[in-house]
Structure formats: C-alpha cells, structure tokens
Asker: 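Encoded as structure tokens, here's the structure I'll be asking about.
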Number of protein chains: 2
Amino acid sequence: MGAFFKIRKGIVAVSHTLEDGRRQITALRAPGDCVGYLEKDGVYAFEGEALTDVEACAFDRRRFDDFVSVQPDLAAALVEALSSALKQSGMLSLVLGQLRSTERVAHFLAEISALYAERHVSLARPLTLHMGRSEIADYLGLTIETVSRSIGKLKSRGIIATVESGEVVILDDQRLREAGKVSR
Amino acid sequence: MGAFFKIRKGIVAVSHTLEDGRRQITALRAPGDCVGYLEKDGVYAFEGEALTDVEACAFDRRRFDDFVSVQPDLAAALVEALSSALKQSGMLSLVLGQLRSTERVAHFLAEISALYAERHVSLARPLTLHMGRSEIADYLGLTIETVSRSIGKLKSRGIIATVESGEVVILDDQRLREAGKVSR
DNA sequence: CGGATGGTTTGATATCGATCAAGGACAGGC
DNA sequence: GCCTGTCCTTGATCGATATCAAACCATCCG
C-alpha cells in the first residue's frame with residue numbers, strides 16, 4: 001500500500017493482464033532497479049511477479065517523495081532510473097512491433113545475457129534464464145510453441161545450444177546479436 | 001546537440017528505425033510533453049518527427065540538469081513526466097504484444113481521442129488524426145492495408161465513420177473503448 | 001518399478017495479417 | 001480539361017504464427 005521496492009537480489013517481471021487472460025510482460029527488472037513506482041492512490045499501473053527468490057528494500061512512497069524533494073542526488077538517481085526504464089520500454093515496443101519470432105527470441109537471449117552480466121545475476125555459463133517458455137512467450141508476444149521452435153532454429157544454426165535442465169549456451173555472440181537486430 | 005524540447009503546440013512522433021528500414025513509432029507526444037530527454041553524449045536514443053506544425057521550447061540539457069538539482073519542483077515535474085511516459089510505453093507494449101489488428105486500431109482511435117481532448121489539441125469533432133495510414137501502421141506494428149481494413153471493419157460495425165478528408169467521427173465511444181480493450 | 005504430473009518439443013492444420021497487384025479519389029500543375 | 005503523383009481502398013494469394021493435438025521427458029511419489 002503506497003510502497004515501492006528497490007531490488008537487491010533476484011529478477012522481477014512487470015506485467016499487465018487483460019480481462020480475457022492475455023498477458024504482456026512489459027519489463028524485466030534486475031538488482032538495482034525499482035518496481036512499483038507507477039502507483040497512484042494505491043493503484044499500481046502494472047503487476048509484478050518474482051521470477052526467482054527476490055530480496056528488496058521497501059520504501060514508503062509518500063515519505064520517499066518528500067525526501068527526494070530535499071535530496072538532489074536522490075532525485076537525479078530517480079530520473080536516471082526512469083530514463084533507463086523508458087528507453088528499455090521503447091526498445092521492447094520496437095521488438096514487439098517489428099521483429100519476427102526468431103528475431104525476437106534472439107534479441108531476448110542477447111538482452112538477458114547482457115542484463116545478467118551487467119547486474120551480476122550469475123556470471124556463470126551456461127546461462128540460466130529463470131523464465132519458463134510461458135514467461136518468455138508473454139514477454140515476446142508469442143506462444144510457447146513458437147518460442148520453442150525459434151530456439152530450435154537458433155540451435156540448428158549453431159548460434160546457441162541448450163543443456164539439460166534448460167540452460168542456454170551462447171555459442172556465437174556476434175551472430176546472436178545480429179539475429180536479434182541489436183548489433184549496433 | 002545536447003538539447004531537448006518541451007512541446008507547446010503540435011504533435012510529435014518518437015520512433016526508432018532498423019537498418020533494413022522497418023520503423024516503430026514508440027510514442028506520440030502532445031503539448032506539455034517533452035521530447036529528446038533520452039540523450040547521452042549527443043546521441044539520442046530515438047528519433048522525433050513532427051506530425052503537425054510544432055512550437056516548442058528548447059532547453060540545454062546540461063544547464064537544465066544543473067537547474068533541476070536546485071529546483072525541487074522542477075525535479076518533481078520531470079519525474080512525473082517520465083513516469084507518465086513510462087506508463088504509456090508499457091501500455092503500447094501490451095497493445096503490440098497482445099492485441100489483434102482491429103483491436104489495435106480501436107485502441108489507437110480511443111487513445112488519440114482522449115489525448116487530443118485532454119491536451120486541447122482540437123476539441124472539434126470530427127477528429128483529425130494528423131497521421132496518415134503509414135504513420136498509424138508504424139505505430140501499431142501493422143501494414144497500411146491492414147490499418148485500412150481494420151478501419152473499414154469498425155465502420156461496418158457502426159462504431160466510427162469517416163468524413164471526406166479522412167477525419168474520423170466516433171459514433172459509439174463505449175463500444176470503441178471495448179473493442180480497444182481499454183474499457184476499464 | 002510404475003504411474004502421475006508439469007514443462008517442453010514436435011507435428012498437422014487453420015487463421016490472421018503481409019504481400020502483391022489494381023483500382024479509385026483527390027490535389028496540384030500545365 | 002487532362003495529366004501526374006500521392007494516398008487510400010479493395011481484392012487475391014502467400015506465409016508466418018497461432019491453434020489443436022500428441023508425444024516426449026524429466027521429476028516426484030506411491
């Protein structure tokens with residue numbers, strides 16, 4: 001109630017569900033990110049789901065806003081966090097609106113890989129996605145079957161491999177980023 | 001160079017283009033909104049295109065940031081603007097990832113109608129979209145043909161009508177919002 | 001071990017929207 | 001008036017992805 005969270009450990013999916021059950025994951029949040037800031041009168045604009053065990057700091061929204069107004073550094077950090085989230089969100093729109101299924105999956109894998117490396121979620125190869133096919137599908141606007149087939153295509157092209165227990169090994173980072181249109 | 005803008009009059013489309021020419025409009029900005037804040041070292045994350053004649057205030061990014069740090073009110077306004085943009089962006093992801101073509105177009109028309117009313121772009125009916133089929137298509141992740149056919153479907157259902165010169169008349173606001181899944 | 005369970009993959013078919021191709025409608029210029 | 005270009009609509013076909021269905025494969029548990 002009137003709270004928001006800064007993630008210390010773990011991964012959170014931010015999503016929105018339609019009345020008929022269709023769901024879109026609109027963002028993935030990693031350690032250092034905030035969740036639940038888009039709230040008004042106790043109503044949150046989006047839902048949050050923990051994909052792993054999560055450790056987070058809870059802040060009281062009202063007190064935080066008061067504190068921000070006398071702490072320029074904090075305000076700057078908040079602006080930075082929101083800017084970064086906005087940029088990410090715009091990129092997701094690009095992915096959902098313009099890329100085809102295999103491009104989306106390639107983009108997703110490259111994104112996850114970069115995110116986890118950057119935020120030290122797990123430095124280890126192979127990469128643990130922390131998401132089932134169902135979450136990936138809801139993030140990319142696809143079905144689980146199409147996600148599965150796209151992963152199959154990337155495997156057959158020698159770009160990735162999968163280990164038992166579902167982890168992914170990126171065999172060719174260069175070509176993965178090309179396939180996901182995120183080369184630049 | 002290091003500048004961003006606050007729109008005083010007119011509509012701006014924020015977009016991103018892939019190397020192969022595919023383009024996604026990631027946001028529409030109306031009077032009161034800012035454009036070009038997501039910039040780093042002179043590189044903008046997205047492109048902006050004026051859909052109408054635009055009147056805007058230009059701010060020097062560096063000076064503005066300095067000024068923000070000593071003006072809590074301004075910081076709060078910036079946070080508010082970014083929060084609102086982020087919420088909008090998440091909703092666009094939902095539209096692109098989950099809605100089918102006619103739902104997307106209905107959503108778009110309801111959104112434009114609400115936006116223009118709220119920002120006093122033009123109070124007049126019929127509604128002038130200020131976007132050609134091509135811009136609508138790039139915003140909704142569809143082709144111009146599909147946009148055209150979807151508008152046709154909404155017309156045949158008696159939800160909207162079009163006037164010569166392309167303006168749209170919303171005949172049944174209730175059903176339009178239902179069709180665009182934005183009833184709630 | 002055998003059987004249930006949940007997630008993933010694979011296959012067959014259907015559907016929506018893209019693509020390709022014409023055909024209006026309207027404005028501007030000669 | 002007539003030509004030209006641009007934008008929008010309409011039609012026919014194709015193709016990517018959804019849907020439906022079944023098989024596969026771990027893991028868990030009796």
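Below, read A as the first sequence line, B as the second, and so on, with proteins coming before strands; counting in each chain starts at 1. Side chains included, hydrogens not; waters and symmetry mates left out as well; all remaining heavy atoms used. These figures come from a predicted structure and were not determined experimentally.
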Asker: Pick the nucleotide of DNA chain D nearest each of B/Gly132 and A/Thr143; which residue has the one closer to the 5' end?
Answerer: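 Closest to the 5' end, via its nearest nucleotide, is B/Gly132.
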Asker: Nearest-Å distance, CG (A/Leu96) to C1' (D/dT17)?
Answerer: 15 Å
Asker: Shortest non-hydrogen contact from A/Leu127 to A/Ile170?
Answerer: CD2-CD1, 4.3 Å
Asker: Give me the distances for all protein-to-nucleotides 9-11 of chain D N/O pairs that come in under 3.5 Å?
Answerer:
from	atom 1	to	atom 2	distance (Å)
D/dT9	OP1	B/Arg133	NH2	3.3
D/dT9	OP2	B/Arg133	NE	2.7
D/dT9	OP2	B/Arg133	NH2	3.3
D/dT9	OP2	B/Ser148	OG	2.8
D/dT9	O5'	B/Ser148	OG	3.1
D/dG11	N7	B/Arg149	NH1	2.9
D/dG11	O6	B/Arg149	NH2	3.3

Asker: Show me the protein contacts with nucleotides 22-24 of chain D, counting only N or O atoms at under 3.5 Å.
Answerer:
none

Asker: Quick one: ring pair (Phe, Tyr, Trp, His ring centres under 6.0 Å) pairs with a partner in residues 138-177 of chain A, sequence neighbours left out?
Answerer: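 For residues 138-177 of chain A: A/Phe108-A/Tyr139.
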Asker: List in chain and number order the residues that pass side chain to side chain donor-acceptor pair (under 3.5 Å) with A/Lys155, two or more places apart in sequence or in another chain; answer none if no residue qualifies.
Answerer: A/Thr162
Asker: Provide the closest heavy-atom pair for A/Met131 versus A/Ile112 in the form atom of the first, atom of the second, distance.
Answerer: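 Heavy atoms of A/Met131 and A/Ile112 come nearest at SD-CD1, 4.5 Å.
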Asker: Salt bridge (Lys or Arg N to Asp or Glu O under 4.0 Å) between B/Arg157 and B/Asp172: does it pass, once the steps are laid out?
Answerer: CA-CA 10 Å; B/Arg157 287 199 231 157; B/Asp172 191 335; over 6 Å; no
Asker: I need the CD-C1' distance between B/Gln98 and D/dA18, as an integer number of Å.
Answerer: 12 Å
Asker: Is the B/Phe5 to B/Phe59 ring centre distance short of 6.0 Å?
Answerer: no
Asker: How is B/Ser101 classified with respect to the nucleic acid when contacts are heavy atoms under 4.0 Å: base, sugar-phosphate, or nothing?
Answerer: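 Sugar-phosphate: the residue B/Ser101, judged by heavy atoms under 4.0 Å, touches backbone atoms but no base.
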Asker: Taking atom types as modelled and ignoring hydrogens, do the side chains of A/Ser15 and A/Glu49 form a donor-acceptor contact shorter than 3.5 angstrom?
Answerer: no
Asker: Is it true that the side chains of A/Ser165 and A/Glu167 contain a donor and an acceptor less than 3.5 Å apart?
Answerer: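 There is such a pair (donor and acceptor under 3.5 Å, judged by atom type) between the side chains of A/Ser165 and A/Glu167.
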Asker: Could you list where the contact with chain A starts and ends along DNA chain C, reading 5' to 3', using a 4.0 Å heavy-atom cut-off?
Answerer: C/dT8 to C/dA12
Asker: Once rounded to the nearest 0.5 Å, what's the spacing between atom CG of A/Asp20 and atom CZ of A/Arg23?
Answerer: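 Those atoms lie 13.5 Å apart.
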Asker: Rest of the hydrophobic cluster containing A/Val169 (Ile/Leu/Val/Met/Phe/Trp/Tyr, side-chain heavy atoms under 4.5 Å)?
Answerer: A/Val163, A/Leu171
Asker: Kindly say whether A/Thr146 contributes a backbone atom to a donor-acceptor pair with the side chain of A/Ser150 at under 3.5 angstrom?
Answerer: yes
Asker: Without decimals, in angstroms, what is the distance between B/Arg22 CZ and D/dA16 P?
Answerer: 13 Å
Asker: Whole angstroms only, please: what is the NZ-P distance between A/Lys153 and D/dT17?
Answerer: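 Atom-to-atom, A/Lys153 to D/dT17, this comes out as 6 Å.
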